[in-house]
Amino acid sequence: MAASKKYRGEINFKNLDEWLHSTGFLFPKNETQLARFNRLYADYDFKLKDVRIDVKSIIDGSVCFNTRIFRIIEDEDINKEIGELKMVARKGQEIPKHVIDKMRKKHRKDDGDKKQ
């Protein structure tokens, strides 16, 4: 029975750097690491084989990306609600009773609107 040619050594602190360079997490530093990397990824189907990257266009900002612009429309009701929440959430203290009463009143009013 033929012995397997694959290295089955343990990964430990002493050889961790060697493994990182040989597996592609870091760039290979020598011929041995490069040979291991090439053997490991010999059958890998690299999807960008014939793609060229224009580094100059990326640096000078002339590269065109498909982007979407989102606009946030400010609403007076939302700003009012945020203002009320800012008042309540100050310094992590307990919510004053008058604020709780106001919230309950608003909640009851909203429930009444939904029932009609």
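All figures in this text were calculated on a predicted structure; none of them were measured in a lab.
- In this structure, T32 OG1 and E18 CD are separated by 7.0 Å, a value rounded to the nearest 0.5 Å.
- Across H21 and P28, no two heavy atoms sit closer than the pair O-CG, 3.7 Å.
- No continuous path of hydrophobic side-chain contacts links L34 to L26 [ILVMFWY only; heavy atoms under 4.5 Å].
- Note: N38 CG to E31 CD = 9.5 Å, rounded to the nearest 0.5 Å.
- Here the closest heavy-atom approach between residue N15 and residue E10 is recorded as ND2-O, 2.8 Å.
- Residues satisfying the side chain to side chain contact (heavy atoms under 4.5 Å, CB included) criterion with F27, sequence neighbours excluded, are absent altogether.
- Note: Y41 and F37 have tilted aromatic rings, judged against thresholds of 30 and 60 degrees for the angle between ring planes.
- Every side chain to side chain contact (heavy atoms under 4.5 Å, CB included) that L40 has, sequence neighbours left out, goes to T23.
- For K14, the side chain to side chain contact (heavy atoms under 4.5 Å, CB included) partners are N12, not counting sequence neighbours.
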message: The test is salt bridge (charged side-chain N to carboxylate O under 4.0 Å, His left out); show your working for D101 and K105 and say whether it passes.
response: CA-CA 6 Å; D101 293 340; K105 183 179 174 185; over 6 Å; no

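- In this structure, I100 CD1 and H107 NE2 are separated by 14.0 Å, a value rounded to the nearest 0.5 Å.
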